[in-house]
Engineer: 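The structure is given below, and queries will be raised subsequently.
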Amino acid sequence: MNPRDLLSRLLPVVAALVATAPVWPILQPGAPIADELLEPGEVAVIVPIVLVFPIAWALLARRRPYAWRVGVLLAAWVLAWSVWTVSLGSYASPPTIDDGLRWHLVGAGLLVAGAAAYEARQLAQVGARLLPGALVWLLGVAVTLAIPVVGQEKVPPRDAVLPLPAGLTVVHMETGCANTCTRRLTVESADTPAELIRRLGQHLEQTKGWQTTWYSFAPPQFQCRRVGWLNPYEVCVEFRATGSPSTIEIWLATFNGRDDVVS
């Protein structure tokens, strides 16, 4: 590949990179996302993802004037994604930032696939020369499928706590979704309050896998845990007093771990 051809392939990718500038930490406007600005680490991951299809097109395209026109469309599409993300995107209420990224990748992938198919019909003997670009395009498809679908919060599952050890009884349970989705269980036992807390804490730690920090002067604290690998929601648990020495409330709540609360 001669230097001129290499430069002509790189320029559309550079244009797409420049089009991501609105999401760069130094340029993010700060509203309406407010405290939910993309972190530098997130930008370092998202920007290469956004560039996958422009790179695929740089490798696939053969006719330079035609390639430039498609490259301009891709850069414009990237710019539209950048502006939407910093002006309308959020972490909690759909459409979320993840939704916007998914829509962008679907559109860019279809544009590159359609442009490559059209160009291939106009050229002869392209064959294996399209393989690197096709592989990058498939990588973009895989990334698109891996983006989590946030959706709405769900009530924490029963099996995060239940079943309880012998001697511990759930006398009341309620669920609801207001500011967040919760499940509250009131547990009764003949044990002393301290023993009831100890048994429940050990049950959650040893049987249900909750990472626990123990204190001599307060109930144990439990580390929130992710709902799933590609799901940003977390389930948290804590103990709350009920005013009765024979019962304690287990409070479970679902939170979007990436949703910063703006006061």
Engineer: In Å and rounded to the nearest 0.5 Å, what is the CD to CG distance from Glu174 to Leu185?
Structural biologist: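 That separation rounds to 9.5 Å.
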
Engineer: If hydrophobic clusters are built by linking Ile, Leu, Val, Met, Phe, Trp and Tyr wherever their side-chain heavy atoms come under 4.5 Å apart, do Leu168 and Leu252 end up in the same one?
Structural biologist: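 Hydrophobic grouping puts Leu168 with Leu252.
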
Engineer: Give the minimum heavy-atom separation between Arg198 and Trp214, together with the two atoms involved.
Structural biologist: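 Heavy atoms of Arg198 and Trp214 come nearest at O-CH2, 3.7 Å.
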
Engineer: What closest approach, in Å, do Leu196 and Thr247 show between heavy atoms, and which atom pair accounts for it?
Structural biologist: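 Shortest heavy-atom separation between Leu196 and Thr247 comes out as CD2-C, 4.0 Å.
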
Engineer: With distance as the sole test, does Ser82 use its side chain to make a donor-acceptor pair with the main-chain N or O of Ala19 at under 3.5 Å?
Structural biologist: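 Answer holds: yes.
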
Engineer: With heavy-atom distances below 4.5 Å as the criterion, would you say the side chains of Leu74 and Leu111 are in contact?
Structural biologist: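 When only atoms from C-beta onward are counted, Leu111 and Leu74 do touch, with a gap below 4.5 Å.
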
Engineer: Let's go through Glu188 and His172 carefully: what are the C-alpha distance in whole Å and the side-chain angles of both, what is the deciding distance for side-chain contact (heavy atoms from CB on, under 4.5 Å) to 0.1 Å, and is it a yes or a no?
Structural biologist: CA-CA 9 Å; Glu188 184 178 59; His172 178 72; over 6 Å; no

Engineer: Considering all heavy atoms of both residues, which atom of Cys181 and which atom of Pro156 are nearest to each other, and what is their separation?
Structural biologist: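 Nearest heavy atoms, Cys181 then Pro156: O-CD, 3.6 Å.
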
Engineer: For the residue pair Val13 and Pro54, what are the closest heavy atoms and their distance?
Structural biologist: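 Shortest heavy-atom contact: CG2-O, 3.8 Å.
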
Engineer: Would you say Glu238 has more than 12 foreign heavy atoms packed within less than 6.0 Å of its CD?
Structural biologist: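 Yes, enclosed.
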
Engineer: Show your reasoning for whether side-chain contact (heavy atoms from CB on, under 4.5 Å) applies to Thr212 and Leu204.
Structural biologist: CA-CA 8 Å; Thr212 310; Leu204 293 184; 5.5 Å; no

Engineer: Please examine the side chains of Leu11 and Trp68, heavy atoms only from C-beta on, and report whether any two atoms are closer than 4.5 Å.
Structural biologist: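 Answer yes - side chains close enough.
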
Engineer: Transitively linked via ILVMFWY side-chain contacts under 4.5 Å: Val14 with Val52?
Structural biologist: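 Val14 does not cluster with Val52.
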
Engineer: Under a 3.5 Å distance rule, please check whether His203 uses its side chain to pair with a backbone N or O of Pro163 as donor and acceptor.
Structural biologist: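 Indeed, once roles are kept as given, a pair shorter than 3.5 Å links the two residues.
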
Engineer: Using side-chain heavy atoms (C-beta onward) and a distance below 4.5 Å, is Met173 in contact with Arg183?
Structural biologist: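 They are in contact (side-chain heavy atoms under 4.5 Å apart), so the answer is yes.
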
Engineer: Using every non-hydrogen atom in the two residues, find where Pro22 and Val86 come nearest and quote the distance to one decimal.
Structural biologist: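 That would be O-CG1, 3.2 Å.
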
Engineer: Does a side-chain heavy-atom distance below 4.5 Å link Val50 with Trp81?
Structural biologist: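 With C-beta onward as the side chain, the pair touches.
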
Engineer: Just so I know, are the side chains of Phe222 and Phe239 near enough to count as touching, which here means a heavy-atom distance under 4.5 Å?
Structural biologist: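 Heavy-atom side-chain distance check passes, below 4.5 Å.
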
Engineer: side-chain contact (heavy atoms from CB on, under 4.5 Å), that's the test. Do Leu200 and Ile248 meet it? Break it down for me.
Structural biologist: CA-CA 10 Å; Leu200 280 175; Ile248 193 169; 3.2 Å; yes

Engineer: Taking C-beta and beyond as the side chain, do Val23 and Ile46 meet within less than 4.5 Å on heavy atoms?
Structural biologist: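 Of all side-chain heavy-atom pairs linking Ile46 with Val23, none is under 4.5 Å.
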
Engineer: Should Trp77 and Leu79 count as side-chain neighbours, where that means a heavy-atom distance under 4.5 Å?
Structural biologist: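 The answer is no; the side chains never approach within 4.5 Å.
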
Engineer: Identify the heavy atoms of Leu51 and Leu17 that sit nearest to each other, and give their distance.
Structural biologist: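 Looking at all heavy atoms of both residues, the shortest contact is CD2-N, 3.6 Å.
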
Engineer: Mind checking the SG-CD spacing from Cys224 to Gln211? Nearest 0.5 Å is all I need.
Structural biologist: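 These two atoms lie 11.0 Å from each other.
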
Engineer: Do Val112 and Leu60 make a side-chain contact, defined as non-hydrogen atoms from C-beta onward lying under 4.5 Å apart?
Structural biologist: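 Val112 reaches Leu60 side chain to side chain.
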
Engineer: Could you give me the CA-CA distance, side-chain angles and deciding distance for Phe53 and Val136, then say whether side-chain contact (heavy atoms from CB on, under 4.5 Å) is met?
Structural biologist: CA-CA 7 Å; Phe53 287 116; Val136 175; over 6 Å; no

Engineer: Give a yes or no on this: more than 12 heavy atoms of other residues, nucleotides or ligands lie within 6.0 Å of atom CZ of Arg158.
Structural biologist: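 Check fails, neighbour count at 12 or below.
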
Engineer: I'd like to know if the side chain of Lys208 reaches the main chain of Leu162, judged simply by a donor and an acceptor atom lying under 3.5 Å from each other, with no hydrogens or angles considered.
Structural biologist: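 A pair under 3.5 Å: yes.
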
Engineer: Any link between Leu110 and Leu139 through a network of hydrophobic side chains (Ile, Leu, Val, Met, Phe, Trp, Tyr) touching at under 4.5 Å?
Structural biologist: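 No, Leu110 does not connect to Leu139 through the hydrophobic network.
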
Engineer: Assigning hydrophobic clusters by single linkage (Ile, Leu, Val, Met, Phe, Trp, Tyr; side-chain heavy-atom cutoff under 4.5 Å), is Tyr215 placed with Ile197?
Structural biologist: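 In one cluster with Tyr215: Ile197, no.
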
Engineer: Just by modelled atom types, is the Ala67 backbone N or O under 3.5 Å from a matching donor or acceptor in the Trp57 side chain?
Structural biologist: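 Looks like yes, one N/O pair under 3.5 Å.
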
Engineer: Look at the side chain of Thr180 and the backbone N and O of Thr254, then say whether any donor-acceptor pair between them is shorter than 3.5 Å.
Structural biologist: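 Present.
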
Engineer: Calculate, to the nearest 0.5 Å, the distance between atoms NE2 and CD1 belonging to His104 and Ile49 respectively.
Structural biologist: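 So the NE2 of His104 and the CD1 of Ile49 are separated by 10.5 Å.
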
Engineer: Are any side-chain N or O atoms of Thr242 and backbone N or O atoms of Ser244, one a donor and one an acceptor, separated by less than 3.5 Å?
Structural biologist: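 Indeed, once roles are kept as given, a pair shorter than 3.5 Å links the two residues.
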
Engineer: Of all residues at least two apart in sequence or in a different chain, which pass the side-chain hydrogen bond (donor to acceptor under 3.5 Å, both in side chains) check with Trp210?
Structural biologist: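 None.
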
